[in-house]
There are 2 protein chains.
Amino acid sequence: MPSTAGPVRADVEDAARWLSGRVIRTPVLRSPAIDLLAGSRVLLKAENLQTGGSYKMRGALRAVGRLAAAGHTGVIAQSTGNHAIAVALAARQHGLAATVVLPVDAAATKVDRAGAAGARVVFAGTGLDERVAMAYALRDQTGHPVVDAYDHADVIAGQGSASLELIEQAERAGTPLDALVVPVGGGGGVAGACLAAAGTGITVYGVEPVGCDSLARSLSAGERIPVPPAATIADGLRPSCVGELPFAILRNALRGVVRVDDEQIAAAFRLLLMELKVLVEPSGAAGLAGALRLREERAGGALGERTVGVVLTGGNVEAELAARLTAPRLAELTTVEGAAA
Amino acid sequence: MPSTAGPVRADVEDAARWLSGRVIRTPVLRSPAIDLLAGSRVLLKAENLQTGGSYKMRGALRAVGRLAAAGHTGVIAQSTGNHAIAVALAARQHGLAATVVLPVDAAATKVDRAGAAGARVVFAGTGLDERVAMAYALRDQTGHPVVDAYDHADVIAGQGSASLELIEQAERAGTPLDALVVPVGGGGGVAGACLAAAGTGITVYGVEPVGCDSLARSLSAGERIPVPPAATIADGLRPSCVGELPFAILRNALRGVVRVDDEQIAAAFRLLLMELKVLVEPSGAAGLAGALRLREERAGGALGERTVGVVLTGGNVEAELAARLTAPRLAELTTVEGAAA
């Protein structure tokens, strides 16, 4: 039940102003090694260093803040992790009760973080449909509104403030962006990026994991096409369909979608960790993987950007997965041992 | 052959002004989970995000910059890694030739980085004495000056600028520091911190690995005491003796030294990675390990600081060690497999 009023650039600017001082103005990082690989200047917006460990905090805080101002006393959210954590933290900050609906197979750290933020955690199945049904059942029981993870104007505007900040930081550094690359789950963040870039001449690209390319297929088809999500290490990019509100924005504003596979995401994860010294979850590293793929495609003549901004959307990853991605050889040995046992 | 003129606070201020725009003004990071564990507000200065991956860049750039201004055409440095990389990068920036002396067992990434920065890499033994002898032999051959890793006024002043920035950033954030905690190798960085804190009322603590406590023993004895360094994962904190210039500063200005073991360093590494989302090498994580130990000692009545600054000195760590520290269980399995093979 998404809100139907589509947000515009002014909403992102309003959200950015309101969020200023409420969220961390995350740094923009650079690495000569990454510039060399990308064949362009790459500015990386470290939203993994954001409160709650992801840029979802911006959208959640904006949405919950407006609901609190409107007199609501509680909120409900469903997600595979980061959005639920963000809504829980935002609700606590505004003194609202939060109920978050997670899949039964949610990452343990994400369950812990939502609980630590004071939210009531409800588990519902493994798929989006089950979580959404549970969220709306809880809404009917309690009267509290559901804050959708991407089909929500305030969430899109709030998440877009990360891109707006990056655009401003790049300008101030004397290296204004030519392009902006953002990973795509339900499409809220990349829709916000398109709004932030509107009228600036900056081209915006989305990045989807291979086999989780609902947005790419929807853009080709001219209508929203659900895709049963394939397995990917980028667990945050697996919604089966791009959201309605995001799609309405993206179909007119997005330059294109780059598809990346797990190997490319893992390589980007390692680059970010070993060269940039930051921990970015695979879903966040997908943005850099996409920017590196843009170089290859550019050889075909499509692109010529000199300064590329990438939003590193989050850093919430299980320790064991992080270790496996950091040293694949170590993980291989372990797998052999596990198989032998 | 250290320079004998001891630096003072004004030298740190001069270095900070000169370095402004030449090095990254690294962000100060915070984590509610770390505050809770430390029992105080902990501000972490992320020098792992510095150019070259460590705050050694500040001292190297300051020292090499002055040598270039004085007409030198080349420089020589010896270290187990970070200082050599920093001098190589600084020399390239100033158009000087660099020769760096590394131990034969230097970490592969550190050798690669020094080479990538355009330095001639010379290997000499495994101990400090062999590297120092080689460095001065090369000086006699080439006429180029040796930039000592810590017994050098410009290196101390340059490294101290990280602490000065942290002190300023904390003030601007409305959370001025009560204490400052810095890991100790040869003592250059912590000596610079003492100079930066002079006259501010901020108490400064050093952190040494257990068994690598030349500074703690030297402070007790009132003179420099060499200590054959014990094994530790903090490879940057293993010089056998605190430097002469640093000791002259530290004996009057340092509040005390906290000793930390590998387990405490590994726990701090994991906290920084999983909560703060940054990769910090064990030598850098030792600073946070020390800050967490201060809490325990405070129970004894010695300390009562509310806001503690910690310099995360660097982030250059081998991928495999990083993976092992991130997920000890994964590493254990691997060890079992290795033993069985």
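Residue numbers start from 1 in every chain, and the chains themselves are labelled A, B, ... in the order their sequence lines are given, proteins ahead of strands.
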Distance only, no hydrogens: is a donor on one side chain within 3.5 Å (strictly under) of an acceptor on the other, for B/R41 and B/T175? no
Could you check whether B/R324 pairs with B/E320 (Lys NZ or Arg NE/NH1/NH2 to Asp/Glu carboxylate O, under 4.0 Å)? yes
Checking heavy atoms, do the side chain of A/L276, its backbone, both or neither come under 4.5 Å from chain B? backbone
Honestly, the part of A/E281 sitting under 4.5 Å from a heavy atom of chain B is neither
Region of A/R270 that comes under 4.5 Å of a non-hydrogen atom in chain B: neither
Under 4.0 Å between a side-chain nitrogen and a carboxylate oxygen: does that hold for B/E47 and A/K277? no
Which one of A/R30, A/R113, A/E318 has the most heavy-atom pairs closer than 4.5 Å to chain B? A/R113
Taken to the nearest 0.5 Å, the spacing of B/L321 CG from B/T109 OG1 works out to 10.0 Å
So for A/L273, is it side chain, backbone, both, or neither that comes closer than 4.5 Å to the heavy atoms of chain B? both
Whether B/N316 side chain and B/G52 backbone form a donor-acceptor pair below 3.5 Å: yes
